[in-house]
Each structure stands twice: as structure tokens, then as C-alpha cells.
Amino acid sequence: MRTEISAKNLYSDFVRKVEQISEQTLLSCYQCGKCSAGCPMCFAMDLLPNQIIRLAQLGQEDDIAKANTIWICASCITCSVRCPRGVDLARVMEALRLITSRKNIDHVQIPDIPKETIAELPQLAMVGGFRKLTA
């Protein structure tokens with residue numbers, strides 16, 4: 001993946017929208033990696049949390065939309081507590097989910113979920129997951 005770094009990307013509408021929704025300054029993150037080191041869901045993510053915030057800093061909206069990391073994030077706030085710069089990454093992840101979900105891209109196909117799995121899951125988990133994973 002090749003990324004062109006330019007003022008156009010760093011100050012794009014996407015970056016402004018993420019910062020507005022999350023109320024966080026993306027460029028405050030200096031990529032120390034403490035968020036990723038403490039993330040309990042990191043093992044299941046295709047991109048680490050610090051990589052997602054770097055893509056957001058660079059205005060790479062399409063790459064973020066393709067990643068499963070923002071959907072796997074449990075919003076446990078461990079990353080936010082560990083951040084030495086005070087960046088609330090959980091709020092950034094939520095902003096990225098909102099922006100991505102507004103594109104009406106479904107990340108899970110409900111009919112494809114086995115009936116046995118549906119029967120075993122708590123109803124609250126199902127509703128929360130569908131809200132998060134379907135537009």
C-alpha cells in the first residue's frame with residue numbers, strides 16, 4: 001500500500017469529520033504503540049489500533065473502511081487510558097465506525113450466520129453487533 005502524504009490528505013474533509021465527531025486531535029498521536037500493546041482484542045484485528053489512527057491521520061478513508069479493526073474494537077477504553085498524549089482512541093474508533101456505517105456497507109450478512117450460533121448468543125449481543133456491523 002502506497003500513501004501519498006500531502007496537506008490535502010492531512011487536512012481533508014474526512015480528517016476534519018473524524019476530529020469533529022470524536023472531539024480528538026488526530027495529530028496528537030505520535031505512534032508510541034501503547035494503545036496496541038494493551039489492546040485485549042489486538043489478536044483478532046487485521047490492523048493494530050495505532051495503524052488505524054495513522055491511516056486516519058493521513059486521511060486514508062478507503063483503507064479504514066476495508067479494515068475489520070474498527071468493528072472488532074470492544075470500546076473497552078484500555079487504549080485511551082494508556083495513551084501518554086491523552087488521545088481517546090475509543091472515541092476515534094467510534095467516529096470511524098459512524099463514518100463508515102453511513103456509507104451503507106454491511107460487514108456481516110445476517111442470513112449467513114449459522115442458526116446454531118444465533119441460538120447460543122445472548123440477544124443483547126446480537127442487537128449490539130448488528131447495530132455496529134450493519135448500516
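Each residue takes its place number in the sequence, starting with 1. For the numbers below, each heavy atom of this structure counts, side chains included, while hydrogens, waters and symmetry mates do not.
- In summary, of the residues considered (Arg91, Glu94, Arg97), a side-chain hydrogen bond (donor to acceptor under 3.5 Å, both in side chains) with Ser75 occurs for Arg97 alone.
- Taken from OG in Ser101 to CD1 in Ile70, the straight-line distance is 8.5 Å, to the nearest 0.5 Å.
- No donor-acceptor pair closer than 3.5 Å links the side chain of Glu19 to the backbone N or O of Thr25.
- Looking at Arg54 and Gln51, their side chains never bring a donor and an acceptor atom within 3.5 Å of each other.
- Interatomic distance, CD1 of Ile77 versus SG of Cys35, reported as 14.0 Å (0.5 Å rounding).
- Going from atom CE of Met41 over to atom OG1 of Thr78 covers 11.5 Å, rounded to the nearest 0.5 Å.
- Both Trp71 and Ile64 are assigned to one and the same hydrophobic cluster, defined by single-linkage of ILVMFWY side chains at heavy-atom distances under 4.5 Å.
- Ala90 and Cys79 get closest at one heavy-atom pair: N-SG, 3.8 Å.
- Side-chain atoms of Asp46 and Thr69 form a donor-acceptor pair, as typed in the model, at a separation below 3.5 Å.
- Atom CG of Leu98 is surrounded by more than 12 heavy atoms from other residues, nucleotides or ligands within 6.0 Å.
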Go through it in stages, so that I can follow the logic: the residues are Gln24 and Asp88, the test is side chain to side chain donor-acceptor pair (under 3.5 Å), and I'd like the CA-CA distance, side-chain angles, deciding distance and then a yes or no. CA-CA 7 Å; Gln24 302 297 303; Asp88 191 341; 4.9 Å; no
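- Remark: the backbone N or O of Asn50 is paired with a side-chain donor or acceptor of Ser36 at under 3.5 angstrom.
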Assess the residue pair Met45 and Cys39 against the criterion (side chain to side chain contact (heavy atoms under 4.5 Å, CB included)); give the C-alpha distance rounded to whole Å, side-chain angles, the decisive distance to 0.1 Å, and a yes or no. CA-CA 10 Å; Met45 297 176 175; Cys39 179; 3.7 Å; yes
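- The closest side-chain heavy-atom distance from Pro84 to Cys32 is below 4.5 Å.
- If you take CG on Leu47 and NZ on Lys66, they are separated by 11.5 Å, rounding to the nearest 0.5 Å.
- In this structure, the side chains of Cys42 and Leu48 come closer than 4.5 Å at one or more pairs of heavy atoms.
- The backbone N or O of Phe14 lies less than 3.5 Å from no partner atom in the side chain of Glu61, so there is not a single donor-acceptor pair.
- No side-chain donor-acceptor contact under 3.5 Å links Arg85 to the backbone of Cys29.
- Taking all atoms of both residues into account, the shortest heavy-atom contact from Leu26 to Gln57 is O-NE2, 2.6 Å.
- Tracing side-chain contacts under 4.5 Å through hydrophobic residues (I, L, V, M, F, W, Y), one reaches Ile21 starting from Ile52; they form part of the same cluster.
- Without hydrogens or angle criteria, Gln60 side chain to Leu58 main chain gives a donor-acceptor distance under 3.5 Å.
- Using a 4.5 Å cut-off between side-chain heavy atoms of Ile, Leu, Val, Met, Phe, Trp and Tyr, with links allowed through other members, Tyr30 and Leu27 fall into different hydrophobic clusters.
- Contact detail for Leu89 and Pro49: the closest heavy-atom pair is CD2-CB, 3.5 Å.
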